[in-house]
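One-based numbering along the sequence shown.
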Amino acid sequence: MNRWYLRGKVIHGFGRGGSQLGFPTANIELDDATTAALQKYKNLVIFGWGCVEPSSPPASLSPAECGPFPFAMSVGHNPQFKNKDLSAEVYFLHKFKEDFYGSYVRILCLGVLREQSAFTTLEELIQTIEKDCTDTSEQLKKEEFKKLESDPFLHPSKEETLPAPYYKEL
């Protein structure tokens with residue numbers, strides 16, 4: 001997999017990540033062009049580094065609380081729930097003190113953990129997500145990925161702006 005950047009606004013999803021599964025996700029608003037670009041990654045679970053932009057609401061997040069943090073992200077149609085539209089749902093391996101809907105996130109996608117699939121039970125899905133989190137942590141300990149935590153894309157200045165959504169292959 002090529003490495004790639006994604007920047008987007010956090011929007012409300014279906015509310016399943018946090019309430020049903022215990023893994024609240026930042027659902028990224030996608031336009032048609034970004035959705036088309038992400039088709040090559042559809043139905044994959046991806047790992048990498050990500051942050052909440054410090055210049056975007058909520059203002060109560062300090063710069064240290066913005067990241068970067070490890071993440072696992074699903075890109076696709078979530079076969080478990082049979083979604084019609086492609087989505088990008090980021091689960092940060094960090095406990096934020098509050099929701100940040102309307103904020104902008106930046107993610108650096110580094111590799112694939114697995115393909116999405118439907119599960120027999122929600123408990124089986126939850127166990128798989130827990131393994132995704134463990135695998136993400138293990139992958140990001142590798143020097144080739146650990147050093148990318150300092151990528152300038154993940155440390156934006158308050159003045160720096162990019163379009164949203166923003167997608168770029170590296």
Side-chain angles (χ1 to χ4, degrees), residues 1-13 17-18 23-76 86-116 129 132-170:
M1 180 186 98
N2 291 333
R3 295 175 181 171
W4 46 280
Y5 294 136
L6 182 63
R7 175 187 184 261
K9 184 177 183 178
V10 178
I11 59 171
H12 288 274
F23 297 92
T25 58
N27 295 273
I28 299 177
E29 184 175 52
L30 304 173
D31 61 11
D32 291 342
T34 307
T35 299
L38 294 178
Q39 287 298 320
K40 65 176 110 179
Y41 304 110
K42 75 178 178 186
N43 296 330
L44 295 177
V45 177
I46 295 167
F47 71 91
W49 293 103
C51 71
V52 179
E53 289 185 359
S55 60
S56 63
S60 61
L61 283 180
S62 73
E65 295 171 305
C66 290
F69 302 111
F71 72 80
M73 172 176 71
S74 69
V75 176
L86 183 133
S87 65
E89 302 176 21
V90 181
Y91 174 68
F92 286 101
L93 279 66
H94 174 78
K95 176 114 172 101
F96 292 92
K97 64 182 180 181
E98 61 188 276
D99 291 335
F100 47 91
Y101 295 111
S103 296
Y104 290 83
V105 295
R106 293 175 178 228
I107 59 169
L108 168 55
C109 298
L110 300 174
V112 175
L113 293 170
R114 63 176 174 88
E115 290 187 18
Q116 292 181 0
I129 296 170
D132 293 340
C133 293
T134 300
D135 292 348
T136 293
S137 295
E138 289 302 312
Q139 288 291 329
L140 293 177
K141 288 178 186 174
K142 295 178 181 177
E143 185 54 34
E144 67 180 299
F145 299 131
K146 176 68 178 152
K147 67 183 180 184
L148 296 171
E149 181 180 8
S150 62
D151 187 293
F153 180 75
L154 301 173
H155 299 273
S157 69
K158 288 189 176 190
E159 296 78 33
E160 179 187 359
T161 59
L162 290 171
Y166 171 83
Y167 169 83
K168 181 181 177 185
E169 291 267 343
L170 301 178

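- N43 contributes atom CG, which lies 7.5 Å from atom CG of L86 (distance to the nearest 0.5 angstrom).
- Other residues, nucleotides and ligands place no more than 12 heavy atoms under 6.0 Å from the CD atom of E115.
- Looking at V105 and F71, their side chains never come closer than 4.5 Å, going by heavy atoms from C-beta outward.
- Counting only heavy atoms from C-beta outward, the side chains of W4 and I46 approach each other to under 4.5 Å.
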Verdict with supporting geometry, D151 and Y5, side-chain hydrogen bond (donor to acceptor under 3.5 Å, both in side chains)
CA-CA 11 Å; D151 187 293; Y5 294 136; 2.9 Å; yes
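- G50 approaches F92 most closely through the heavy-atom pair C-CE2, 3.5 Å.
- Here the straight-line distance linking atom CG of N2 with atom NZ of K40 works out to 6.5 Å at 0.5 Å rounding.
- To the nearest 0.5 Å, atoms NZ (K146) and CG (L140) are separated by 8.5 Å.
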Go through it in stages, so that I can follow the logic: the residues are H12 and N27, the test is side chain to side chain contact (heavy atoms under 4.5 Å, CB included), and I'd like the CA-CA distance, side-chain angles, deciding distance and then a yes or no.
CA-CA 6 Å; H12 288 274; N27 295 273; over 6 Å; no
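- Within the 4.5 Å cutoff, no side-chain heavy atoms of D135 are placed close to those of R114.
- A heavy-atom distance below 4.5 Å is found between the side chains of M73 and I107.
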Show your working on side-chain hydrogen bond (donor to acceptor under 3.5 Å, both in side chains) between T35 and D32 and close with a plain yes or no.
CA-CA 5 Å; T35 299; D32 291 342; 5.4 Å; no
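- In this structure the side chain of L30 never reaches within 4.5 angstrom of the side chain of Y167, judged on heavy atoms.
- Checked by atom type and distance alone, the side chain of W49 never pairs as donor or acceptor with a backbone atom of G67 at under 3.5 Å.
- Without hydrogens or angle criteria, H155 side chain to E149 main chain gives a donor-acceptor distance under 3.5 Å.
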Quick one: do Y166 and R106 satisfy side chain to side chain contact (heavy atoms under 4.5 Å, CB included)? Show the steps, please.
CA-CA 9 Å; Y166 171 83; R106 293 175 178 228; over 6 Å; no
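- Shown here are the side chain to side chain donor-acceptor pair (under 3.5 Å) partners of E29, two or more places apart in sequence or in another chain: there are none.
- Rounding to the nearest 0.5 Å gives a distance of 10.5 Å between CG of L44 and CG of L38.
- Summarising the geometry of L93 relative to C133, their closest heavy-atom pair is CD2-O, 3.4 Å, with the distance given to 0.1 Å.
- At least one side-chain heavy atom of L148 sits under 4.5 Å from a side-chain heavy atom of R3.
- Considering only heavy atoms from C-beta on, Y104 comes within 4.5 Å of R7 through its side chain.
- Taking 4.0 Å as the cut-off between side-chain N and carboxylate O, K141 and E138 count as a salt-bridged pair.
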Test T34 against L6 for side chain to side chain contact (heavy atoms under 4.5 Å, CB included), laying out the working first.
CA-CA 9 Å; T34 307; L6 182 63; 3.8 Å; yes
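- Heavy-atom contacts from other residues, nucleotides or ligands closer than 6.0 Å to NZ of K97 number more than 12.
- Ring orientation note: the planes of F69 and H94 are close to parallel, at an angle under 30° on the 30°/60° scale.
- In terms of heavy atoms, L154 sits closest to C51 at O-SG, 3.5 Å.
- In this structure, T136 and Y91 have side chains that are not in contact, with every pair of non-hydrogen atoms separated by 4.5 Å or more.
- Taken to the nearest 0.5 Å, the OG atom of S157 stands 9.5 Å off from the CD atom of E53.
- For the pair D99 (side chain) and Y101 (backbone), a donor-acceptor distance under 3.5 Å is absent.
- A distance of 8.5 Å separates CD in E144 from CG in L110, rounded to the nearest 0.5 Å.
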